[in-house]
**Student:** 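Take this structure first; my questions come after.
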Number of protein chains: 2
Amino acid sequence: MRPRNLEKEAAIRTMALQIIADEGLENLSMQKLAKAANVSPRTIYIKYENKEDFLVKLFIEEVLETYEQAIVKNFSPDMDFAEGMKKTWLNAFQYLKNNKPAFALIRYGKSSPLLNKAYQQKGIKQGDYFSPIHYFLKRNIDAGIIKDFPQDVLRALLYPPLLELVSEYFDYEERPEQIITEDVILQCCEVVTKGILK
Amino acid sequence: MRPRNLEKEAAIRTMALQIIADEGLENLSMQKLAKAANVSPRTIYIKYENKEDFLVKLFIEEVLETYEQAIVKNFSPDMDFAEGMKKTWLNAFQYLKNNKPAFALIRYGKSSPLLNKAYQQKGIKQGDYFSPIHYFLKRNIDAGIIKDFPQDVLRALLYPPLLELVSEYFDYEERPEQIITEDVILQCCEVVTKGILK
DNA sequence: AAGATAAGTAAATGTTTATTTACTTAAAAA
DNA sequence: TTTTTAAGTAAATAAACATTTACTTATCTT
């Protein structure tokens, strides 16, 4: 038996994310990807059944799961509400601003029917995707600290502004007047937090 | 001279939006589109230089400009802040939930480098995209009613949750437990409004 | 009514696509 | 060391792609 070359596997995923970030998902082809990763097209098909399978695994394993871990680093569901919000917001901001290609694919996750379906199925499978956050929100609802909305609705209120701010961070990237600083992120986190408090 | 057949032109745009909503932007091909619109591929190329040109015009003219108009219907920048927020939120919600294909392309606008670039250029050209809302926000900052953030940051705080709720509306579509009702939208609007008040 | 002209079509262009075939190579097991 | 086996490659396949060519048609102008 011959063992898999893990470096090549990593190169394939890294190059795929880069192409998606630079040219868009609609311009990622398997041949372009193979060439960019310095690999034969066949090599990709050893691990992945087809293009859809590759994209779904790239999205779920390489992006969502990594993002999930980054968000809850040093976070505990027992934290004070404002404290927990700050922690998750800063974690997400740091991760995303340093992983532009991952961020690009996350945005596609809300657009592409394929990725969106994969995302929903994963959510259903695990019961709960970001479960420490689920517990965190539930605890604060039960304690009467924040308003009582379904989990989905709560997340829609608490996190999408951050993703939009990250988009703006990249829009202003390399321009001297960068307005999306960590400080602005913290102020925005306070705004969002204030809104949901009872 | 022979005049353009406006019905065919409309059919092309309508079918394009439908294909994008059903199969994703990455699965829209000019030949598939021509067949779906019952038109020769050449017909598309009479009005549009190439695929990129078509997509950009579809996005800007068919989706963004229509969306902009819908949002500010019966809205006046001189409205009370909470009132104006409610009006724009409800307008956007009604428009998007009744125009799923437009919504699908709006989401791609934040993902695809091509569309994102087109969007930014349009923003720059007009100085200001949703300008009644620009004035509305500026007036409320100056009056000390809401917190003073740059326009971009304000919009990131005030509108992305609504788009996320519309996504969830469609996720729950046709399921009996639809949780995203107009009433929930209004409650969420209040949450967002409360956060930004001084 | 005739001619001019742009809108329209069907079919073809050459290219790129996802995926496969036929072959080679590296290393684990014998 | 030899055999086995999956990992890997380069080149090929057939289908789908964006766009064009060569031709037809509808209607405005005269």
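In what follows, chains are A, B, ... by sequence order, proteins preceding strands, each numbered from 1. The basis for the numbers below is simple: all heavy atoms, side chains too, and nothing from hydrogens, waters or symmetry mates.
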**Student:** Nearest whole angstrom, please: distance from the C1' of C:dA18 to the OH of A:Tyr48.
**Tutor:** 17 Å
**Student:** For nucleotides 19-23 of chain C, give me every protein contact, N/O to N/O, under 3.5 Å, one pair per line with atom names.
**Tutor:**
| unit_1 | atom_1 | unit_2 | atom_2 | d |
| --- | --- | --- | --- | --- |
| C:dT19 | OP2 | A:Tyr45 | OH | 2.7 |
| C:dT19 | OP2 | A:Lys51 | N | 2.8 |
| C:dT19 | O5' | A:Tyr45 | OH | 3.4 |

**Student:** Apply ring pair (Phe, Tyr, Trp, His ring centres under 6.0 Å) to residues A:Tyr108 and A:Phe59 and explain how you reach the verdict.
**Tutor:** CA-CA 9 Å; A:Tyr108 271 108; A:Phe59 179 54; 9.9 Å; no
**Student:** Quick test of your reading of the model: are B:Arg13 and B:Glu61 salt-bridged, counting only N-O distances below 4.0 Å?
**Tutor:** yes
**Student:** So what does A:Leu28 touch, heavy atoms closer than 4.0 Å: a base, only the sugar-phosphate, or nothing?
**Tutor:** sugar-phosphate
**Student:** Is it the case that atom NZ in B:Lys86 sees more than 12 heavy atoms from other parts of the structure closer than 6.0 Å?
**Tutor:** no
**Student:** Assess whether a salt bridge exists between A:Arg155 and B:Glu164, defined as any Lys/Arg side-chain N lying under 4.0 Å from an Asp/Glu carboxylate O.
**Tutor:** no
**Student:** Is a salt bridge present between B:Glu9 and B:Lys47, judged by a nitrogen-to-oxygen distance below 4.0 Å?
**Tutor:** yes
**Student:** Would you say B:Ile180 and B:Leu186 are hydrophobically clustered, going by side-chain heavy atoms of ILVMFWY under 4.5 Å?
**Tutor:** yes
**Student:** May I have the distance from A:Ile46 (atom CD1) to C:dA26 (atom P), rounded to whole angstrom?
**Tutor:** 15 Å
**Student:** Rounded to the nearest angstrom, tell me the gap between atom CG in B:Asn38 and atom C1' in C:dT9.
**Tutor:** 12 Å
**Student:** Please report, rounded to the nearest Å, how far the C1' atom of C:dT17 is from the CD atom of B:Glu26.
**Tutor:** 15 Å
**Student:** Separation of B:Lys35 atom NZ from C:dT9 atom P, in whole Å?
**Tutor:** 14 Å
**Student:** Any Lys/Arg nitrogen of A:Glu65 or A:Lys122 sitting under 4.0 Å from an Asp/Glu carboxylate oxygen of the other?
**Tutor:** yes
**Student:** With the threshold set at under 4.0 Å for non-hydrogen atoms, list the residues of residues 5-22 of chain B touching DNA chain C in residue-number order.
**Tutor:** B:Asn5, B:Lys8
**Student:** Between D:dC17 and B:Ser29, is there an OP1 or OP2 to side-chain N/O distance shorter than 4.0 Å?
**Tutor:** yes
**Student:** Would you call A:Glu190-B:Lys147 a salt bridge at under 4.0 Å N-O?
**Tutor:** no
**Student:** Report the distance from atom CD of A:Glu23 to atom P of C:dT17, rounded to the nearest whole Å.
**Tutor:** 10 Å
**Student:** Applying ring pair (Phe, Tyr, Trp, His ring centres under 6.0 Å), run through B:Phe54 and B:Tyr45 and close with a yes or a no.
**Tutor:** CA-CA 9 Å; B:Phe54 171 71; B:Tyr45 287 92; 9.1 Å; no
**Student:** Whole angstrom is fine here: how far is it from CZ in B:Phe54 over to P in D:dT19?
**Tutor:** 12 Å
